[in-house]
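Data first, discussion second: the structure below is written as structure tokens.
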Amino acid sequence: MAYGNIVGSNIANILLILGIAALLAPIARALKRDGLVMLAVAVVFAVIAAIMPLGTVVGAIFVAALCLYVWLAFRQERNSAGGDHGAVYDKSLALQEADPALAPAKAQGPGLPASLLIALGGLALVVLGGRFFVDGAVSLARGFAMSETVIGLTIVAVGTSMPELITSIVAGLRRQGDVAFGNIVGSNIYNILGIGGFTALIAPGAVPVEIVSFDNIVMIGVSALLLVVAWTGLRISRLEGLALLAGYAAYVYLIWP
């Protein structure tokens, strides 16, 4: 279910979330470098999953690669001129627009002790909510005689993509489709390197064969499609947004038992 969630979330982010964002605001700008990183990590993940289990060494490399990517992204932001921003910046901007309290210049929260208590309380609720969510998904899979992999690829994946959906909708309503694009690209990179890395560290194991043989290929395909858009400067219009949504519906139809 964990690896199904990672792969399914990446597919849902591109086909479902980006499709909805394009319906709200056509996307005219794309991120070439970050799109290439997104495709590269998807290919690396798929190749490793096909030849060997994801163990602690692979997990550590993934997490280290994520830290390096974020460091390079922040370094680029400091040295950028003329508004040449990347996916990390766009994802941060999307979060700030979804919740203005996250904007540093506008933040007027409580003192440090109260802030720490709020943060710890929020973390506890996230962990508790995640536990309920996973337990409910497992029960749902057993009740309908479905595999946990399919549940992870669909229901759990869409559920964990809700933050991307909300932030992309807000960006779309503000006519900032390029921010929605960066939000999705950044999330997909983090899903594989961050979530995939920590999953391999905590629970080493092989990726299910059905994900290796089909879903990983779909993830690479839709990532490559997005990279084509980034490198050719094509505009993701509302019509293309509908096509992305239709593609996601077809994907769910193919994997649903």
State, yes or no, whether a side-chain contact exists between Y69 and V41 at a heavy-atom distance under 4.5 Å.
no

Are the side chains of L244 and Y248 in touch, meaning some heavy atoms are under 4.5 Å apart?
no

L227: which of D34, L39, V185, V222 passes side chain to side chain contact (heavy atoms under 4.5 Å, CB included)
L39

Mind checking the CD1-CD1 spacing from I189 to I184? Nearest 0.5 Å is all I need.
11.5 Å

Only distances under 3.5 Å count here; give the side-chain donor-acceptor pairs of residues 197-213 to other protein atoms, sequence neighbours excluded, each with its distance to 0.1 Å.
| from | atom 1 | to | atom 2 | distance (Å) |
| --- | --- | --- | --- | --- |
| T199 | OG1 | I195 | O | 2.7 |
| E210 | OE2 | T149 | OG1 | 3.4 |
| S213 | OG | V209 | O | 3.0 |
| S213 | OG | E210 | O | 3.4 |

Do you reckon I51 sits in the same ILVMFWY cluster as F45, going by side-chain contacts under 4.5 Å, direct or chained?
yes

Please say yes or no: joined through hydrophobic side-chain contacts below 4.5 Å, possibly via intermediate residues, are V44 and I6 part of one cluster?
yes

What is the minimum heavy-atom distance between [X] and [Y], and which atoms define it?
| X | Y | answer |
| --- | --- | --- |
| Y3 | L54 | OH-CB, 3.5 Å |
| A42 | I192 | CA-CD1, 3.6 Å |
| L66 | G194 | CD2-CA, 3.5 Å |

If you group Ile, Leu, Val, Met, Phe, Trp and Tyr whenever their side-chain heavy atoms sit less than 4.5 Å apart, what else falls in with L117?
none

Rest of the hydrophobic cluster containing V57 (Ile/Leu/Val/Met/Phe/Trp/Tyr, side-chain heavy atoms under 4.5 Å)?
I61

Would you be so kind as to tabulate the donor-acceptor pairs closer than 3.5 Å made by side chains of residues 9-19, with sequence neighbours excluded?
| from | atom 1 | to | atom 2 | distance (Å) |
| --- | --- | --- | --- | --- |
| S9 | OG | A157 | O | 3.4 |
| S9 | OG | T160 | OG1 | 3.4 |
| S9 | OG | S161 | OG | 2.9 |
| N10 | OD1 | N191 | ND2 | 2.8 |
| N10 | ND2 | N188 | O | 3.4 |
| N13 | OD1 | S161 | OG | 3.2 |
| N13 | ND2 | S9 | O | 3.3 |
| N13 | ND2 | N188 | OD1 | 2.8 |

Side chains of residues 249-257: which donor-acceptor partners sit under 3.5 Å, not counting sequence neighbours?
| from | atom 1 | to | atom 2 | distance (Å) |
| --- | --- | --- | --- | --- |
| Y251 | OH | D215 | OD1 | 2.7 |

For L116, the side chain to side chain contact (heavy atoms under 4.5 Å, CB included) test, sequence neighbours excluded, returns L112

Kindly indicate, with the supporting measurements, whether the criterion side chain to side chain contact (heavy atoms under 4.5 Å, CB included) is fulfilled by L153 and F214.
CA-CA 12 Å; L153 286 164; F214 180 71; over 6 Å; no

